*Asks:* 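Submitted below is the structure of interest, expressed as structure tokens.
Throughout, protein chains are lettered first and strands after them, A, B, ... in sequence-line order, and every chain is numbered starting at 1. The shown structure was predicted, so the numbers you read here are calculated from the model rather than taken from an experiment.
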Number of protein chains: 2
Amino acid sequence: MDQMIQTSEISVGVVGLGLMGSSIVAALLLAGHPVKAIAPLPTELADAPERILNQIKHGKEADLLTKSPEAYINQLTVSGDYSILSDCQLVLECVTERPAIKQTVYQKIADVVSTNAVIASNTSAIPISQLQQYVPNPERFLGIHWAEPAYMTRFMEITCGTLTSLERANWVFELAHYWKKEPTLLRKDIRGFVTNRLMYAIYREAFHLVETGAASMDDVDKAFRYDAGSWITMMGIFRRMDYTGLQDYPEIFRRIFPLLSNSDNVPELMRPLVDKQLRGTQSEQGLYDYTAEEAKEWDHAFAVFNKDIFQLAARYPFRTDRRIG
Amino acid sequence: MDQMIQTSEISVGVVGLGLMGSSIVAALLLAGHPVKAIAPLPTELADAPERILNQIKHGKEADLLTKSPEAYINQLTVSGDYSILSDCQLVLECVTERPAIKQTVYQKIADVVSTNAVIASNTSAIPISQLQQYVPNPERFLGIHWAEPAYMTRFMEITCGTLTSLERANWVFELAHYWKKEPTLLRKDIRGFVTNRLMYAIYREAFHLVETGAASMDDVDKAFRYDAGSWITMMGIFRRMDYTGLQDYPEIFRRIFPLLSNSDNVPELMRPLVDKQLRGTQSEQGLYDYTAEEAKEWDHAFAVFNKDIFQLAARYPFRTDRRIG
């Protein structure tokens with residue numbers, strides 16, 4: 001970050017005010033941006049301001065505020081009319097994961113903003129290079145992948161499509177530091193991005209262990225919570241290898257890689273869940289079952305945990321960008 | 001846990017007082033056991049008591065003590081003579097990962113303890129069913145896999161060999177709760193145990209992403225620290241799927257599983273590290289490089305992080321053992 005950026009001088013637009021969109025609005029307001037938010041659905045238009053205010057109050061509990069919640073909300077404009085986006089230098093699309101709908105949204109955005117304005121999608125399912133085809137001046141389009149809650153997580157993946165200008169991507173990368181993120185910039189548009197690829201490698205093996213009777217779901221959850229969970233927030237993957245001395249890994253890789261699942265198929269265990277359209281804690285039934293009270297308790301507990309782990313992570317701000325070669 | 005166990009009435013033996021062995025001694029002392037520790041190496045015999053006292057003092061910072069450090073140390077006997085193990089109901093072997101050495105140790109233990117005494121190995125490399133062959137009355141032998149530091153992590157894998165008595169394994173499983181563990185009991189002796197299998201699935205994919213140029217090591221570390229790290233300690237794998245609503249997974253599994261690495265080979269990136277015998281933070285060079293000061297800082301920071309994440313995890317003691325089917 002060679003030059004200081006004044007976030008108060010950069011208007012940011014957000015289209016789509018569902019769970020993720022409103023949480024992103026809260027993050028941008030807390031970072032000091034004036035925010036222009038488009039609610040394509042009437043229900044979102046009615047609910048959004050209060051939901052965003054509550055999220056900002058949640059941020060207050062984690063000491064993220066330097067002004068009153070209302071002072072942040074005053075910087076927010078919510079509308080169904082895209083013309084409020086006209087002065088935005090960046091517009092984030094957070095609508096449903098259907099390409100046809102996104103295409104319409106990009107056209108509406110492009111109609112009102114400058115040709116230099118960056119347009120970004122929060123998609124985690126559709127390739128950026130595909131969505132880019134729907135955007136006039138596609139070099140200013142890229143992926144910005146947030147984690148929930150957007151105002152209280154440090155994760156962010158910025159993904160280029162094949163046509164994205166690296167200069168524009170770098171600008172977003174710098175800006176993301178003002179949003180208190182630890183962003184990664186992916187120059188290559190890989191399917192599933194980095195974090196999903198790693199997670200799906202775990203999911204594949206986890207289902208394999210359960211399906212072969214080696215372990216229960218509960219065993220897998222416990223082992224991962226209390227082993228990986230005890231260092232991951234501080235170290236990540238490669239740094240962990242360095243910390244544990246490196247020497248044993250090649251031999252263990254040689255022995256264990258051939259035992260890992262290489263399946264391409266959706267695990268059998270998922271079939272009854274799909275057939276019954278179970279939704280986990282949201283429907284009180286999933287891989288585990290829940291009482292109504294337990295499901296609610298999970299929601300509350302995760303909000304508290306978020307705050308705790310966010311604050312903990314902030315105490316270990318190790319740079320991980322020095323490396324050999 | 002139907003009946004209360006009085007840990008003060010159960011003597012536990014530990015053979016091998018290296019880094020892991022002495023940390024296990026500290027855990028057992030803090031849990032209230034009288035501990036008989038065998039130091040096969042003269043250097044360990046000299047150093048161990050002070051190292052264990054320091055670990056107990058580290059535990060004090062995390063509020064794990066109800067008495068003075070010295071009161072715990074008074075329950076410890078350290079010797080080179082195996083006969084002090086005679087009244088132990090459980091003996092933990094923590095010597096080097098060489099089967100021939102372990103075989104000698106098991107014979108020496110079996111010569112002095114009752115035939116009912118449980119003998120356990122902390123191995124993470126050698127199959128329990130193999131080691132079991134070296135133990136007289138092999139039904140009382142099993143694996144107890146600890147994480148470092150043993151007195152300040154909740155992780156524990158208890159692994160049966162093919163000949164292990166499930167009744168004996170269940171006794172250890174119950175006892176482990178008195179050590180403040182969240183143990184998993186693996187009835188099947190799988191290579192790599194649960195946590196290693198999951199981690200090696202990640203390592204394989206992480207190297208694949210770096211080797212194909214999709215991401216840098218730094219990208220991988222950041223993404224995993226700040227995404228997975230923001231929920232893993234609370235949720236684990238399957239519970240996370242439930243919490244995020246389940247419905248999108250089958251489609252994403254179908255798309256992403258075929259893209260994951262299925263390699264059996266040690267990643268090319270590891271070769272120069274192996275050739276140069278680099279040891280990560282211990283040699284100040286590894287996947288990343290370190291100044292002497294940085295390497296030291298990592299050690300200190302991890303000790304502090306351990307305490308922090310241990311206390312955080314304790315605030316989210318969700319049972320994960322209710323499930324469908």
Side-chain angles (χ1 to χ4, degrees), chain A residues 147 153-155 182 184 188 190 192 194-195 198 200-202 205-206 214-215 217-227 229-230 232-234 236-239 242-243 245-246 250 253 256-258 260 262 264 266 270 274 279-282 286-289 305 308-309 312 320-321 323-324, chain B residues 147 153-155 182 184 188 190 192 194-195 198 200-202 205-206 214-215 217-227 229-230 232-234 236-239 242-243 245-246 250 253-254 256-258 260 262 264 266 270 274 279-282 286-289 305 308 312 320-321 323-324:
Chain A
T153 43
R154 297 197 183 274
F155 170 80
E182 292 283 350
T184 57
K188 209 166 160 179
I190 61 162
V194 169
T195 181
L198 298 174
Y200 290 111
I202 303 183
E205 185 61 23
M217 287 197 296
D218 184 45
D219 289 336
V220 167
D221 278 353
K222 268 190 190 169
F224 215 62
R225 287 174 68 191
Y226 296 113
D227 184 1
S230 73
I232 233 162
T233 297
M234 181 178 164
I237 305 288
F238 291 109
R239 187 71 71 169
D242 270 359
Y243 188 75
L246 275 178
F253 286 170
I256 295 192
F257 282 179
L260 296 176
N262 293 339
D264 285 352
V266 177
M270 292 294 287
V274 175
R279 297 284 176 267
T281 51
Q282 291 158 35
L287 293 157
Y288 298 82
D289 58 354
F305 181 82
D308 287 346
I309 195 81
L312 177 59
T320 55
D321 53 354
R323 60 180 168 275
I324 292 178
Chain B
T153 42
R154 298 197 185 274
F155 169 80
E182 292 283 351
T184 56
K188 210 166 159 178
I190 61 161
V194 168
T195 181
L198 297 173
Y200 290 112
I202 303 182
E205 184 62 23
M217 287 197 295
D218 184 44
D219 289 335
V220 167
D221 278 352
K222 268 191 190 168
F224 215 62
R225 286 175 69 190
Y226 296 113
D227 183 1
S230 74
I232 234 162
T233 297
M234 181 179 164
I237 305 288
F238 291 110
R239 187 71 71 169
D242 270 0
Y243 187 75
L246 276 176
F253 286 170
R254 212 181 324 271
I256 295 192
F257 283 0
L260 297 176
N262 293 339
D264 286 352
V266 176
M270 292 293 289
V274 175
R279 298 283 177 266
T281 51
Q282 292 159 33
L287 293 158
Y288 299 81
D289 57 355
F305 181 81
D308 287 345
L312 177 60
T320 54
D321 53 354
R323 61 182 168 273
I324 293 178

*Asks:* Set out, in order, the CA-CA distance, both residues' side-chain angles and the distance that settles side chain to side chain contact (heavy atoms under 4.5 Å, CB included) for T153(B) and Y226(A), then state yes or no.
*Replies:* CA-CA 7 Å; T153(B) 42; Y226(A) 296 113; over 6 Å; no

*Asks:* Looking at chain A, which one of D264(B), N262(B), T281(B) has the largest number of heavy-atom pairs inside 4.5 Å, strictly under?
*Replies:* N262(B)

*Asks:* Measuring heavy-atom distances to chain A, does V220(B) have an atom under 4.5 Å in its side chain, in its backbone, in both, or in neither?
*Replies:* both

*Asks:* May I have the step-by-step check of side chain to side chain contact (heavy atoms under 4.5 Å, CB included) for D227(B) and V194(A), ending in yes or no?
*Replies:* CA-CA 10 Å; D227(B) 183 1; V194(A) 169; over 6 Å; no

*Asks:* Heavy atoms only, distances under 4.5 angstrom: which of L312(A), I237(A), T184(A) has the most pairs with chain B? Name it, please.
*Replies:* I237(A)

*Asks:* What's the shortest heavy-atom distance between F238(A) and D221(B), and which atoms?
*Replies:* N-OD1, 2.7 Å

*Asks:* Just by distance, do the side chain of R279(B) and the backbone of G245(A) share a donor-acceptor pair under 3.5 Å?
*Replies:* no

